[in-house]
There are 2 protein chains.
Amino acid sequence: MSVKHLGTGSKDVPLQEGKIRLYSMRFCPYAQRIHLVLLAKDIPHDVVNINLKNKPEWYLEKFPLGKVPALYVDGVNIYESLIIADYIDEKYPQRPLYPKDPLRKALDRILIEGFSRVINLLYKLYINPVMDALHLAPILEEMDHFEKELAKRGTPYFSGDEPGMVDYMIWPWCERLEMVRVLGGDQFKVPKERFQRMFQWSKGMLEDPAVKSHYCTPEQHARFLQSYQAGTPDFDNILV
Amino acid sequence: MSVKHLGTGSKDVPLQEGKIRLYSMRFCPYAQRIHLVLLAKDIPHDVVNINLKNKPEWYLEKFPLGKVPALYVDGVNIYESLIIADYIDEKYPQRPLYPKDPLRKALDRILIEGFSRVINLLYKLYINPVMDALHLAPILEEMDHFEKELAKRGTPYFSGDEPGMVDYMIWPWCERLEMVRVLGGDQFKVPKERFQRMFQWSKGMLEDPAVKSHYCTPEQHARFLQSYQAGTPDFDNILV
């Protein structure tokens, strides 16, 4: 596993037999989705981190879109985090992350799709160097829907008694919610009473082995975001 | 099948035993995706068309988002055209529309996802009452990618020797390309030499029974779009 992010002038890391390769960036929430799926299903893989500010020539040659996450399988890169996650779940049948029933699976996928509204709102907050607490309200309104859904499902996780696809696909941004408070102060605190089930869910997620092994603290996320906002993303030093 | 679009003051149509219900709008390209999948797989279904300008009270009560397409299954509406299409393909195993191999399926899904760039560009053109030929160029650039992909695959359809998920998911907007020429004149003509394979593909698609039974002529599409642009979408009279 290459911890350091490879940039211009670097060389690709040779593939190891029997492993699949994930091209990633340590702080990318979309890439985190794929780490979680690979870890939860215990699939042998290696990770090559890409410096997204100065992308390696070999990466752009291999994959002109130059995006992460990308999963390198049989000589091609597959991309789009939800498509990669579904691919892995179909290809590796151990610990299926979706319900077997097609209708319940469709409802899970609708839930994941709907979370993109939270992602877009959070992103608007992130790219703003001066955070405005006004922007928290619409995020919380979207999160209400997830609080209600947990109540409706009556299980500790969206996927039941253990985390599944919905849980892993929304987690990366939930992990970063506390970072918003670290950066913007108490006006960004998520109200505990309003999100009792989501807080309980979050506590459970933090105990999940897959979540644990790719976790960053709110302070680490905040430091990375600040370096990113300053135009000098510090890919390598924050976790050292 | 209710041809007329139901609006405010209407009543829902009773469900028939053994049929699934598609809530649709005759000129909606996203809904067309679902019609094509249901027709291609020969699944007994009925269609209730919704007047999207004056949505029926019963529809909003049943389904507050009020969107189409929606598939009513076991007391719930599922929505998002790609999720509905995948659901149908999983639930009804006859004539599978995706490759069995998870990697090839993922590549098909990436291709469909990438087509959303064409959709967004076309939409920008649609909402503009005065069409600017400058906007055709980026659409054709995106379409180049599909022309190349057909060459790479070496088959008449993206899915092989007969249309599959990729073909049906992109068709509705391809059907409407000729409408752009009808409305905007010859400056919007798609160059035949540049898209030889796509023209051949289109000819094949027009012979497909599913495509045929939900087809509208470019002139019908144009008349609907003009009524839509004028703020008075004519849902009911164009096909009569």
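Below, chains carry the letters A, B, ... as their sequence lines are ordered, and counting in each starts from 1. Being a predicted model, the structure only gives us computed values, none of them experimental.
In B/K41, the NZ atom is crowded: over 12 heavy atoms of neighbouring residues, nucleotides or ligands sit closer than 6.0 Å. Crowding of B/D42 atom CG: a count of heavy atoms from other residues, nucleotides or ligands under 6.0 Å not exceeding 12. Within 6.0 Å of the CZ atom in B/R194, the count of heavy atoms belonging to other residues, nucleotides or ligands exceeds 12. Surrounding OH of A/Y157 are more than 12 heavy atoms belonging to other residues, nucleotides or ligands, all under 6.0 Å away. Annotation for A/K19: atom NZ counts as buried by contact number, over 12 foreign heavy atoms lying within 6.0 Å.
Contacts between A/K91 and chain B at a heavy-atom distance below 4.5 Å involve backbone atoms as well as side-chain atoms.
In this structure, B/I110 CD1 and A/I84 CD1 are separated by 7.0 Å, a value rounded to the nearest 0.5 Å. To the nearest 0.5 Å, the span separating CG on A/L111 from CD1 on B/I83 amounts to 9.5 Å. Note that CG of B/D101 and CD of A/E90 are 10.0 Å apart. Values are rounded to the nearest 0.5 Å.
Sequence neighbours left out, the pairs with a member in residues 57-86 of chain B that pass ring-ring contact (aromatic ring centres under 6.0 Å, His included) are B/Y23-B/W58, B/Y23-B/Y59, B/Y59-B/F63, B/F63-B/Y79.
For the options A/L107, A/I78, A/D89, heavy-atom pairs under 4.5 Å to chain B are most numerous at A/I78.
Here the shortest heavy-atom pairing between B/R109 and A/D86 reads NH1-OD2, 2.8 Å. For the pair A/A106 and B/Y87, the tightest heavy-atom approach, listed with the atom from each and the gap, is CB-CB, 4.1 Å.
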